[in-house]
Each structure stands twice: as C-alpha cells, then as structure tokens.
Amino acid sequence: MRLPEYVCEILDKLRNSGYEAYCVGGCVRDYLLGQCPDDYDVTTSALPEQIMKVFDGYKLLTVGLKHGTVTVIINRKTVEITTYRIDGNYTDHRHPSEVRFTPCLKEDLARRDLTINAMAYSPEKGIIDPFGGREDLKSGIIRCVGDPMKRFDEDGLRILRALRFASRYGFRIDKNTSDAIHRLRYLLSFISAERINFELCGILTGNCGDILYNYSDVICEIIPEMYPCVGFEQHSKYHNKTVYGHIVATVVARLTMLLHDIGKPASFFMKDGVGHFYGHADVSCEIAAKIIERLRFSNKIADEVLFLIKNHGIVINDDTRSIRRGLARYGAERFLKLIRVHYYDTCGKSPEYFGEKDLFGSIEEHTKEYLENEPPMSLKQLKVSGSDISELGITGKKIGEALSFLLEQVVNGNCENDKDSLLALIENNYL
Ligand code: ATP
Ligand code: MG
C-alpha cells in the first residue's frame with residue numbers, strides 16, 4: 001500500500017515518539033479494492049494529549065478530543081488521528097455514553113462496524129486484519145464485526161451503513177447480519193434525519209436494486225409512506241410489477257439515464273435545419289467512463305452503466321427474431337435492462353413520442369414470455385469451445401468475440417450448431 005507523503009509523515013512522527021500508529025478503516029478498504037482513498041484516518045496508541053504534543057507546531061482541530069480524536073491539518077489536507085478506543089455502553093442506540101482508551105489495536109478494531117472497515121495498515125506491520133475483512137472484501141460480503149444483533153442494537157446507524165456499503169460495492173450481506181437488519185430495523189427511529197439522508201443518498205447512488213428489493217422493510221422504516229406500495233398489484237396492462245417493484249426498477253437506472261446523452265452536445269451537427277447526434281452513444285460512453293472513474297463507482301457498476309449507455313440507441317424490434325438476437329448478444333439480464341433504458345428514454349421525449357413507451361413495454365413482456373418458453377442458448381451449448389478457436393490461431397479477447405459471433409449466428413439460424421460448420425464460419429470470417 002503506497003501512502004501519500006503527508007500520511008507517512010504522520011505515521012513516522014508518532015512512531016518516532018514511541019507510539020504505535022496505523023492507517024485504519026475506509027482508506028485500507030479502498031486501497032484493497034484498488035481504489036484511491038479520499039481520506040486517511042489514523043489510529044494510534046498515543047493518548048490525545050500525547051498526539052497534540054507530537055504535532056506541536058502543526059495546525060490542529062480538537063473538536064473531537066472527547067472521543068480521542070485530534071485532527072491534524074497538513075499540506076492542506078486533514079487527517080483524523082484517534083487514540084485506540086473501546087466504546088462504553090450505548091444508551092441511545094446511537095452514541096456510546098463514554099469512551100475508554102486502550103493500548104490494544106485489536107480492541108479498537110473490534111469496535112468498528114463491518115469487517116471490511118476493521119482493518120489497519122502500517123508500512124512496517126503490513127495489514128492487520130483480525131476479523132477477516134480482506135476475505136470478505138474478496139468474496140464481496142458485508143458482515144458485522146462480532147454479533148450483529150448486539151452491534152446494531154448499540155448503534156442503529158450501522159444498519160444503513162451496511163446497506164450503503166453493500167450498494168456501493170454491489171456486495172451481498174451475510175445471513176446473520178441480514179437477519180439482524182430485518183429484526184432491528186425499528187432502531188432507525190433513533191437516527192437523525194440528516195444521517196438518514198446521507199445514508200439513503202449513498203444507497204441510492206450505488207448498485208441499489210437488490211438492496212431496495214430485499215430490504216423494502218428497512219426503506220419503509222425510514223419512509224413509512226412507502227408501505228402501501230410494497231406488494232401493491234397494479235392491475236394495469238402497462239405494468240407487470242407491483243408499485244414498489246416499478247419504483248425500484250426506475251431508480252436503478254438513474255445513473256445510466258443521468259449520463260446517457262451527455263455526449264450529445266459534442267456530437268451535434270445541423271443539416272437542413274435539423275439537429276443530428278450521430279455516434280452520441282459512444283461519445284456519452286467515453287465521457288461517462290471518466291466521470292464514473294472520477295466518482296469512484298465500483299467496476300461492476302461501471303461495466304453495467306457503460307454497457308447500457310453505449311447501447312442505449314440500438315434498434316430493438318418487437319419481434320421474436322430481434323428479441324432472440326438481443327438475448328444471444330447481451331444475455332437475458334442485460335438485454336432486459338437495455339429494454340428498460342429504451343423505455344425511460346422515451347419517457348423524456350416529446351409527448352407525441354410517448355407511444356413508444358407501449359412499444360418497449362410490449363418488447364419487455366414478449367422477451368419475458370420468450371425466456372419462459374425457451375431458455376436462451378448459451379455459449380456452453382455451442383459445439384465449439386475456446387480451445388477449438390485458439391487452435392485456429394486466434395488469441396486473447398478475440399476468442400470470446402469469435403464465440404459470441406458464432407452464438408449469434410446459430411441463434412439467428414444462419415449456421416448449424418455443429419463443429420465443422422462453426423469452425424468453417426470462423427475460418428471464412430476471421431482468418
Ligand atoms: P467512507 O468512504 O464512506 O468515508 P469510511 O469507512 O471511511 O467510508 P467513515 O464514516 O469515514 O467511513 O468512518 C471511518 C471508520 O470509522 C469506518 O471505516 C469504521 O471503521 C468506523 N466507523 C464509522 N462509523 C461507525 C459506526 N457507526 N459504528 C462503528 N464503526 C464506525
Ligand atoms: Mg471516511
């Protein structure tokens with residue numbers, strides 16, 4: 001882990017004064033995820049007065065002193081340095097009534113909310129990970145440190161933090177942690193509106209589909225007006241989902257929709273008094289890729305959103321051939337999302353084009369029917385494999401492209417699914 005100079009300076013100064021000092025929490029997690037941390041928190045065995053002495057001459061903020069935190073301003077950045085601490089009893093399901101300092105790093109890590117947030121790092125000692133945070137990061141699991149029932153009961157905000165991190169990284173929530181979230185969701189009534197606002201926005205800007213579906217009870221706890229929507233059947237030809245299901249489906253695509261036409265100004269030209277935007281989907285995709293990287297969305301979200309933006313203008317017709325081709329090319333899940341994106345796109349058009357909404361509603365319905373009756377063919381069923389392709393001298397990414405090409409040809413009825421015909425097709429088209 002490469003730390004910025006100013007962070008090294010802080011760790012070095014503490015260590016040279018005889019104290020232990022580690023980076024901790026979010027910065028270690030982000031680093032292990034391959035993302036550049038926004039800020040660095042430091043945890044140390046030095047007591048608050050000792051921290052202040054070590055950083056004598058630096059600009060310090062001491063608002064958090066009661067909880068053991070001294071903020072050092074260094075190179076115009078702020079770094080919070082907090083003494084190893086154990087939280088005392090929680091009396092209001094949010095704040096410990098007192099904190100106790102401890103000389104033991106592991107005790108400090110044990111008070112933290114999630115295993116992925118309970119790791120420390122120093123250049124000398126490497127990563128300290130007593131609760132399996134690294135493993136959980138690798139497997140994409142959100143899990144409380146210790147007993148989830150106890151940890152949420154101490155501080156109800158952790159329920160929303162767990163959902164926020166699950167959404168941000170597209171992780172799933174461990175069973176015990178998830179059970180405790182459902183059981184203790186009433187504790188959210190102890191959390192301030194400002195904190196709920198912050199966490200809710202965090203949830204909504206991540207990969208929130210599964211979270212919103214699976215934790216509708218938590219959402220209703222903070223927005224009780226939502227209760228009637230959950231499970232509410234619409235009995236309308238425009239809808240195949242409950243009201244809540246529809247709400248969730250639209251919310252999920254918001255990042256895509258926010259960025260899908262961002263390349264239009266750059267692709268605009270006028271011909272005979274009419275504006276054109278040829279190639280704008282690709283331009284939008286390029287611009288969006290930079291934004292998504294800058295705002296540190298996970299790779300999973302980046303992949304999906306960029307795919308949807310790039311393909312948001314492709315032609316999809318309401319016939320079996322077009323549906324079959326879409327399914328073969330993109331896979332069922334992505335193709336259905338792409339249809340949704342087309343649908344939302346028409347929602348923002350001039351009212352005379354609203355009719356297209358029905359078209360995409362109908363394509364979605366027919367696609368689902370098709371999937372029920374005929375599960376789509378997958379690459380696995382293709383009678384040639386990657387190694388067959390590579391024997392023809394095709395390498396790397398091109399192998400996957402060749403297989404997808406073949407699958408599409410078979411699905412479209414242009415080629416028999418037998419090895420000789422498929423290999424011949426590749427030889428004629430690729431070599
Ligand atoms: P972000 O990237 O959102 O800032 P973060 O993990 O840095 O993520 P912070 O709110 O800055 O989150 O908190 C820093 C660390 O403090 C967390 O990583 C976690 O170890 C601990 N922490 C924060 N809030 C809680 C809480 N409510 N209960 C227990 N530990 C917490
Ligand atoms: Mg942070």
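Small disclaimer: the values here were computed from a predicted structure and weren't measured. For ligands, and for the atoms within them, numbers begin at 1 and follow the listed sequence.
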Note to self: Quick test of your reading of the model: are E286 and K290 salt-bridged, counting only N-O distances below 4.0 Å?
What the structure shows: no
Next item on the list: For atom 20 (O) of ligand 1, find the nearest protein heavy atom and state the residue, atom name and distance (0.1 Å precision).
Entry: N117 O, 2.9 Å
Notebook entry, point to check: Does an N or O anywhere in G26 fall below 3.5 Å from an N or O of ligand 1?
Noted result: yes
Next item on the list: Go through ligand 1 atom by atom and flag the ones less than 4.0 Å from a non-hydrogen atom of G25.
Entry: 18 (O)
Item checked: Aromatic ring proximity H280/H312, centre distance under 6.0 Å -> yes
Item checked: Closest to atom 19 (C) of ligand 1 among T82, D113, V28, L114 (heavy-atom distance) -> D113
Item checked: F165 neighbourhood, listing ligand 1 atoms whose heavy-atom distance to it stays under 4.0 Å -> 6 (O), 8 (O)
Next item on the list: Side-chain contact test, heavy atoms from C-beta onward, threshold under 4.5 Å: evaluate it for I51 versus L60 and give yes or no.
Entry: no
Next item on the list: Report, in ascending order of atom number, the atoms of ligand 1 lying under 4.0 Å from any heavy atom of R164.
Entry: 3 (O)
Margin query: With respect to D39, determine whether any N or O atom, backbone or side chain, lies less than 3.5 Å from an N or O atom of ligand 1.
Written below: no
Item checked: D153/K150 salt bridge by N-O under 4.0 Å criterion -> no
Checklist line | Salt-bridge contact K13-E9 (side-chain N to carboxylate O under 4.0 Å) | finding: no
Notebook entry, point to check: In terms of side-chain geometry, is the basic nitrogen of K337 or E304 positioned less than 4.0 Å from the acidic oxygen of its partner?
Noted result: yes
Notebook entry, point to check: Can you find a protein heavy atom under 4.0 Å from atom 4 (O) of ligand 1?
Noted result: no
Notebook entry, point to check: Parallel, tilted or perpendicular: which fits the ring planes of Y278 and F269, with parallel below 30° and perpendicular above 60°?
Noted result: tilted
Item checked: Within reach of ligand 1, part of F198 (heavy-atom separation under 4.0 Å) -> neither
Next item on the list: State whether the shortest distance between N or O atoms of D155 and N or O atoms of ligand 1 falls below 3.5 angstrom.
Entry: yes
Note to self: Can you confirm whether or not the ring centre of F268 sits under 6.0 Å from the ring centre of F277?
What the structure shows: yes
Next item on the list: Kindly confirm or rule out an N or O of R151 lying under 3.5 angstrom from an N or O of ligand 1.
Entry: no
Next item on the list: Quick one: look up the protein heavy atom nearest atom 8 (O) of ligand 1 and list residue, atom name and how far away it is.
Entry: R29 NH2, 3.2 Å
Check: Identify the closest protein heavy atom to atom 28 (N) of ligand 1: which residue and atom is it, and at what distance?
Finding: R158 NE, 2.7 Å
Item checked: Salt-bridge criterion met for E372 and K368 (N-O under 4.0 Å) -> no
Checklist line | N/O separation below 3.5 Å, D30 to ligand 1 | finding: no
Check: Is the shortest side-chain N to carboxylate O distance from R15 to E20 below 4.0 Å?
Finding: no
Item checked: Ion pair check, R158 and D113, cut-off under 4.0 Å -> no
Next item on the list: Pick one of side chain, backbone, both or neither for how D41 approaches ligand 1, counting any non-hydrogen atom pair under 4.0 Å.
Entry: side chain
Check: Minimum heavy-atom separation for A162 to I173, with atom names?
Finding: O-CD1, 4.4 Å
Next item on the list: Output the list of atoms in ligand 1 that are nearer than 4.0 Å to some heavy atom of R112, sorted by atom number.
Entry: 15 (C), 16 (O), 19 (C), 20 (O), 21 (C), 29 (C), 30 (N)
Margin query: Measuring from non-hydrogen atoms of R168 to any atom of ligand 1, is the shortest distance under 4.0 Å?
Written below: yes
Check: Considering only protein heavy atoms, which is closest to atom 13 (O) of ligand 1, and at what distance to one decimal place?
Finding: R161 NH2, 3.9 Å
Item checked: Contact partition for R111 relative to ligand 1, non-hydrogen atoms under 4.0 Å -> backbone
